[in-house]
Participant: 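Have a look at the structure that comes next, please.
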Amino acid sequence: MDNIFAKKKHSKFSWEGMGDIKGGRGELGEEMPVLVYRLMQYTMLDVISADLGEDKANEYFRKAGFLAGSEFARNTLDLKTDLDTFVANLQQSLKELRIGILRMEAVDTTTGNMVLTVGEDLDCSGLPVTNENVCTYDEGFIAGILEAYTGNSYDVREVDCWASGDRVCRFTADVVK
């Protein structure tokens, strides 16, 4: 018997390629439990880490997060507003989609560098404390959003995480020069 998965070809991501979620899930709706999201995310991370190593897996998750953040920003946010309006819209969108509760802690208007937190983060809030930062996908997601808005490349790193014992995820976002 042929392996049906071997014949599947993955096309390049497009926003439209996600389909008509409302139409396709008329009875179940658009929402799903965080458990299902994490089941997909952490099993995928486990498989990639086993095959390619943890560093490479984190690199891929950061890249995927970046692509998702870029597309999310371009397709759902107004990128032509002032920073305060943009942040307010982003906060509202992330909360409505139950991704997390965004707070801007610091913005250096001279350099463009930022410090932000995400409370009740989709990726990690409630995880056991393992003394590590685990939100590499979020690092890419935030970098993608910021680049789409500002036109600048960002190096985003998680400095505090639920899994490291904190109760919010804190990220530094530094403009890459």
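Just so it is clear, the model here is predicted, and its values are computed rather than measured.
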Participant: I'd like to know if the side chain of S70 and the backbone of F66 have a donor-acceptor N/O pair within less than 3.5 Å.
Facilitator: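 Yes, because the side chain of S70 sits within donor-acceptor range (under 3.5 Å) of the backbone of F66.
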
Participant: Can you tell me how far SG of C124 sits from CG of N133, rounded to the nearest 0.5 angstrom?
Facilitator: 8.5 Å

Participant: Would you say CD of E120 has more than 12 non-hydrogen atoms from neighbouring residues, nucleotides or ligands within 6.0 angstrom?
Facilitator: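 No, the 6.0 Å shell around CD holds no more than 12 heavy atoms from other groups.
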
Participant: Could you list the residues that satisfy salt bridge (charged side-chain N to carboxylate O under 4.0 Å, His left out) with K95, not counting sequence neighbours?
Facilitator: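 K95 satisfies salt bridge (charged side-chain N to carboxylate O under 4.0 Å, His left out) with no residue once adjacent residues are dropped.
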
Participant: Tell me whether S93 contacts the main-chain N or O of N89 through its side chain, where contact means a donor paired with an acceptor under 3.5 Å.
Facilitator: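 Here the side-chain-to-backbone pair does not exist.
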
Participant: Of all the heavy-atom pairs spanning V134 and A163, show the shortest one and how long it is.
Facilitator: CG1-CB, 4.0 Å

Participant: State, yes or no, whether a side-chain contact exists between N152 and L146 at a heavy-atom distance under 4.5 Å.
Facilitator: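 Contact flag for N152/L146 side chains = no.
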
Participant: Enter the distance from I48:CD1 to K56:NZ here, rounded to the nearest 0.5 Å.
Facilitator: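 NZ of K56 is found 11.5 Å from CD1 of I48.
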
Participant: For D55, is the CG atom crowded, meaning more than 12 foreign heavy atoms sit under 6.0 Å from it?
Facilitator: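 No, because the 6.0 Å sphere around CG of D55 holds 12 heavy atoms or fewer from other groups.
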
Participant: Determine, using the 4.5 Å side-chain heavy-atom cutoff (strictly less than), whether Y149 and I145 are members of one ILVMFWY cluster.
Facilitator: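 Linked, Y149 and I145 end up in one cluster.
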
Participant: Is the centre of the F72 ring less than 6.0 Å from the centre of the F141 ring?
Facilitator: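 Distance test on ring centres: under 6.0 Å, yes.
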
Participant: Would a distance-only check, ignoring hydrogens and angles, find a side-chain to backbone donor-acceptor pair under 3.5 Å from D46 to Y42?
Facilitator: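 Checking the backbone N and O of Y42 against the side chain of D46, no donor-acceptor pair under 3.5 Å is found.
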
Participant: On the six-membered ring of W15, is R74 placed so that its NZ or CZ lies under 6.0 angstrom from the centre and within 45° of the ring axis?
Facilitator: no

Participant: Begin from the C-alpha positions of L90 and L102 and carry the test side-chain contact (heavy atoms from CB on, under 4.5 Å) through to its verdict.
Facilitator: CA-CA 8 Å; L90 178 59; L102 175 69; 3.6 Å; yes

Participant: Could you check if a side-chain atom of N58 sits within less than 4.5 angstrom of a side-chain atom of Y137, using non-hydrogen atoms only?
Facilitator: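 A side-chain contact is absent here, since even the closest heavy-atom pair is not under 4.5 Å.
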
Participant: Could you go through D84 and V87, starting from their C-alpha distance and side-chain angles, then the distance that decides it, and tell me whether this counts as side-chain contact (heavy atoms from CB on, under 4.5 Å)?
Facilitator: CA-CA 5 Å; D84 289 339; V87 169; 5.9 Å; no

Participant: Rounded to the nearest 0.5 Å, how far does CD of E71 lie from CD of E16?
Facilitator: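 Reported to 0.5 Å precision, the distance equals 8.5 Å.
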
Participant: Hydrophobic clusters here meaning ILVMFWY residues chained together by side-chain heavy-atom distances under 4.5 Å, can you tell me if V36 and F61 are in one?
Facilitator: yes

Participant: Does the side-chain contact (heavy atoms from CB on, under 4.5 Å) test come out yes or no for L122 and V34, once each step is laid out?
Facilitator: CA-CA 7 Å; L122 180 62; V34 173; 3.7 Å; yes

Participant: For residues L127 and R38, determine if any side-chain heavy atom of one lies less than 4.5 Å from a side-chain heavy atom of the other.
Facilitator: yes

Participant: Check for me, please, whether L77 and V156 land in the same ILVMFWY cluster - side-chain distances under 4.5 Å, paths through other members count.
Facilitator: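 Result: yes, single cluster for both.
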
Participant: With hydrophobic residues grouped by side-chain heavy-atom distances under 4.5 Å, do V176 and M114 end up in a single group?
Facilitator: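 Different clusters.
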
Participant: Calculate, to the nearest 0.5 Å, the distance between atoms CZ and SG belonging to F171 and C135 respectively.
Facilitator: 5.0 Å

Participant: Determine, step by step, whether V175 and Y154 satisfy the side-chain contact (heavy atoms from CB on, under 4.5 Å) criterion, reporting the C-alpha distance in whole Å, the side-chain angles of both residues, the deciding distance to 0.1 Å, and the verdict.
Facilitator: CA-CA 5 Å; V175 174; Y154 277 84; 3.6 Å; yes

Participant: State which residues pass salt bridge (charged side-chain N to carboxylate O under 4.0 Å, His left out) with E139; sequence neighbours excluded, sorted by chain then number.
Facilitator: R62, R157

Participant: Do Y37 and D123 touch side chain to side chain, with heavy atoms closer than 4.5 Å?
Facilitator: yes

Participant: State, yes or no, whether a side-chain contact exists between I142 and L116 at a heavy-atom distance under 4.5 Å.
Facilitator: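 Heavy-atom side-chain distance check passes, below 4.5 Å.
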
Participant: So, do D160 and C169 sit near enough that their side-chain heavy atoms are less than 4.5 Å apart?
Facilitator: no

Participant: If you count the non-hydrogen atoms of other residues, nucleotides and ligands that lie under 6.0 Å from CD in E105, is the total more than 12?
Facilitator: yes

Participant: Heavy atoms, side chains only, cut-off 4.5 Å: are F86 and D78 in contact?
Facilitator: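 A side-chain contact is absent here, since even the closest heavy-atom pair is not under 4.5 Å.
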
Participant: Heavy-atom distance under 4.5 Å between the side chains of L83 and V107, does that happen here?
Facilitator: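 Answer yes - side chains close enough.
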
Participant: Are any side-chain N or O atoms of T76 and backbone N or O atoms of A73, one a donor and one an acceptor, separated by less than 3.5 Å?
Facilitator: no

Participant: Going by salt bridge (charged side-chain N to carboxylate O under 4.0 Å, His left out), name the residues that satisfy it together with R98, two or more places apart in sequence or in a different chain.
Facilitator: E31

Participant: Could you measure the distance from the SG atom of C161 to the CZ atom of R167? Nearest 0.5 Å is fine.
Facilitator: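 So the gap between those two atoms works out to 10.0 Å.
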
Participant: Indicate, with yes or no, if L45 and L52 share a hydrophobic cluster defined by side-chain heavy-atom contacts under 4.5 Å among Ile, Leu, Val, Met, Phe, Trp and Tyr.
Facilitator: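 Yes, it is one cluster - the side chains of L52 and L45 are joined through contacts under 4.5 Å.
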
Participant: As an exercise, state the distance from NZ of K80 to OG1 of T85, rounded to the nearest 0.5 Å.
Facilitator: 14.5 Å

